[in-house]
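As structure tokens, the structure follows; a few thoughts come after it.
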Number of protein chains: 2
Amino acid sequence: MAKKRAYHHGDLRRALLQEAVRIIHTQGVEALTLRAVGEKLGVSRTALYRHFTGKAALLAAVASEGFRMLRLRLVGAWERQGGGRDGLDAMGFAYVHFAVANPSHYRVMFGGFVDDSVDPALAEEGGAAFQALVDALIAQQQQTIVRGDAPVLLAQFIWATVHGIAMLAIDGLLDRRQTDLDALIRFANERIAAGISTQKA
Amino acid sequence: MAKKRAYHHGDLRRALLQEAVRIIHTQGVEALTLRAVGEKLGVSRTALYRHFTGKAALLAAVASEGFRMLRLRLVGAWERQGGGRDGLDAMGFAYVHFAVANPSHYRVMFGGFVDDSVDPALAEEGGAAFQALVDALIAQQQQTIVRGDAPVLLAQFIWATVHGIAMLAIDGLLDRRQTDLDALIRFANERIAAGISTQKA
DNA sequence: ACCTGAACACCGTTCAAGT
DNA sequence: ACCTGAACACCGTTCAAGT
């Protein structure tokens with residue numbers, strides 16, 4: 001014990017980020033104030049400025065962390081199914097389920113809170129998550145299951161669809177009309193597969 | 001002249017809403033403060049409380065107005081093409097173009113700013129805009145051009161896709177990767193049509 | 001009914017000062 | 001290097017008061 005610590009934390013930056021994620025998850029973005037974060041960590045509300053340029057940078061770090069988590073879910077879903085058509089379907093479910101399970105966090109990632117320029121890691125993590133989808137589609141094309149369109153174009157089309165479903169679900173614009181969310185995801189998966197397949201089925 | 005007016009406006013509510021839309025369009029949501037609106041209209045910053053329950057209600061009215069505008073664009077695009085496959089394609093372009101032309105306004109409509117309960121007109125206008133798409137799809141089904149899936153399910157799938165493209169475009173997550181937005185919309189229109197068509201082409 | 005002006009409780013950020 | 005505490009300029013909202 002009696003650990004020789006500077007003022008309060010060994011890694012205050014990490015603690016600030018974790019606490020921010022926790023507050024956003026449990027109480028939403030509007031509850032995230034520098035005062036609340038500082039108080040919870042037993043630290044001055046201005047201590048954050050030693051590790052982030054401001055609140056915007058903290059939010060960017062939260063978003064970046066979100067893209068990292070999302071990518072892990074996507075890759076995990078793809079590999080668990082051993083790729084293929086089932087792998088793509090699983091990625092669709094994993095994507096929307098992540099968003100619905102972490103609505104406030106997801107909104108920070110896409111809600112216009114963040115400025116791309118404020119954190120270089122953000123663009124990198126976002127790009128890596130997108131790349132997971134591109135890679136999956138390229139693998140499908142090599143097996144001649146999917147049409148030979150530009151992989152990025154294919155990926156953007158699919159990304160937009162799952163992103164749209166996720167956003168509408170979070171905003172509560174689907175439940176209102178007797179919708180089973182999983183049924184919608186399943187339908188979207190089927191119709192997308194039919195639309196980008198090489199088969200004429 | 002010498003119009004006998006109460007204090008300042010004949011229709012302050014309408015003026016407040018218009019000014020709010022204007023500020024959001026030109027400077028973004030974060031620039032919308034009750035002080036700014038009041039000052040611009042030559043009215044106290046608390047005058048608004050006579051016509052709205054608070055800032056949230058003002059934003060809900062802005063969102064509601066946005067859905068009304070969007071619906072008019074969608075219906076206009078559909079009718080200008082005389083319906084059919086071209087009509088659906090035109091609706092897709094009209095949808096995304098509206099969002100990209102009014103990014104801040106669009107974000108108010110979908111960014112989680114509004115509480116459905118705060119304004120009954122909001123749910124109504126949002127539902128009406130969605131219904132325009134449902135109606136178009138039903139018309140297509142009657143011509144046996146589109147599969148006989150549940151119209152609402154079909155509409156949610158398509159809505160999610162254009163909504164996703166719109167959001168990603170607004171967030172600047174597409175331009176980054178050498179994308180022509182219209183090319184993406186065109187591609188999405190084609191692949192969706194292929195996915196929901198009765199033809200086996 | 002409609003609007004004002006002062007007051008209240010918040011917020012992010014700056015900055016001189018402490019260790 | 002890291003953190004504090006007071007101060008600053010903002011914000012939405014409340015409320016007694018005016019017409």
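Where R35(A) and R50(A) meet DNA chain D, the nucleotide closest to each residue was compared, and R50(A) sits on the side nearer the 5' end.
At the phosphate of dC3(D), neither OP1 nor OP2 sits under 4.0 Å from any side-chain N or O atom of S44(A). One finds no side-chain N or O of Y49(A) lying less than 4.0 angstrom from the OP1 or OP2 phosphate oxygen of dT14(C).
Each of dT13(C), dT4(C), dC3(C) was ranked by its minimum atom distance to the side chain of H51(B); first place goes to dC3(C). Each of dT13(C), dC11(D), dC3(C) was ranked by its minimum atom distance to the side chain of K55(A); first place goes to dT13(C). Nearest to the side chain of A47(B), among dT4(C), dT13(D), dT4(D), sits dT4(C).
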Structure string for DNA chain D in dot-bracket form, Watson-Crick and G-U at under 3.5 Å, | interchain: ||.|||||...|||||.||
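When each of N189(B), D182(B), L184(B) is tested with R186(B) by the rule side chain to side chain contact (heavy atoms under 4.5 Å, CB included), just one qualifies, namely D182(B).
Rounding to whole angstrom units, CG of residue L58(A) and P of dC11(C) are separated by 15 Å. Counting to the nearest Å, the C1' atom of dC3(C) and the CD atom of E39(B) are 17 Å from each other. For the pair L32(A) CG and dC11(C) P, the computed distance is 11 Å after rounding to whole Å. One can place CG of L48(A) at 14 Å from C1' of dC11(C), the figure rounded to the nearest angstrom. The interatomic distance linking R45(B) (CZ) with dC8(C) (C1') rounds to 13 Å, in whole Å. A straight line from CG of L41(A) to P of dC3(D) spans 10 Å, rounded to a whole angstrom. Protein atom CD of E30(A) is 16 Å distant from nucleotide atom C1' of dC11(D), rounded to whole Å. Computed from coordinates, the D11(B) CG to dA1(C) P distance equals 18 Å when rounded to whole Å.
Taking 3.5 Å as the limit, the base of dG5(C) and the side chain of T46(B) contain a donor-acceptor pair of atoms between them.
Aromatic rings from Y106(A) and H25(A) are positioned such that their centres are separated by 6.0 Å or more. Checked against the 6.0 Å centroid criterion, the rings of F67(B) and F110(B) qualify as a close aromatic pair.
The 12-atom threshold is not exceeded at CD of E124(A), counting heavy atoms of other residues, nucleotides or ligands nearer than 6.0 Å.
With sequence neighbours left out, Q131(A) forms a side chain to side chain contact (heavy atoms under 4.5 Å, CB included) with V134(A), D135(A).
Taking CE from M167(B) and CG from L174(B), the interatomic distance works out to 12.0 Å, rounded to the nearest 0.5 Å.
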CA sep, side-chain torsions, deciding dist, call: L154(A), L133(A), side-chain contact (heavy atoms from CB on, under 4.5 Å): CA-CA 9 Å; L154(A) 273 168; L133(A) 177 57; over 6 Å; no
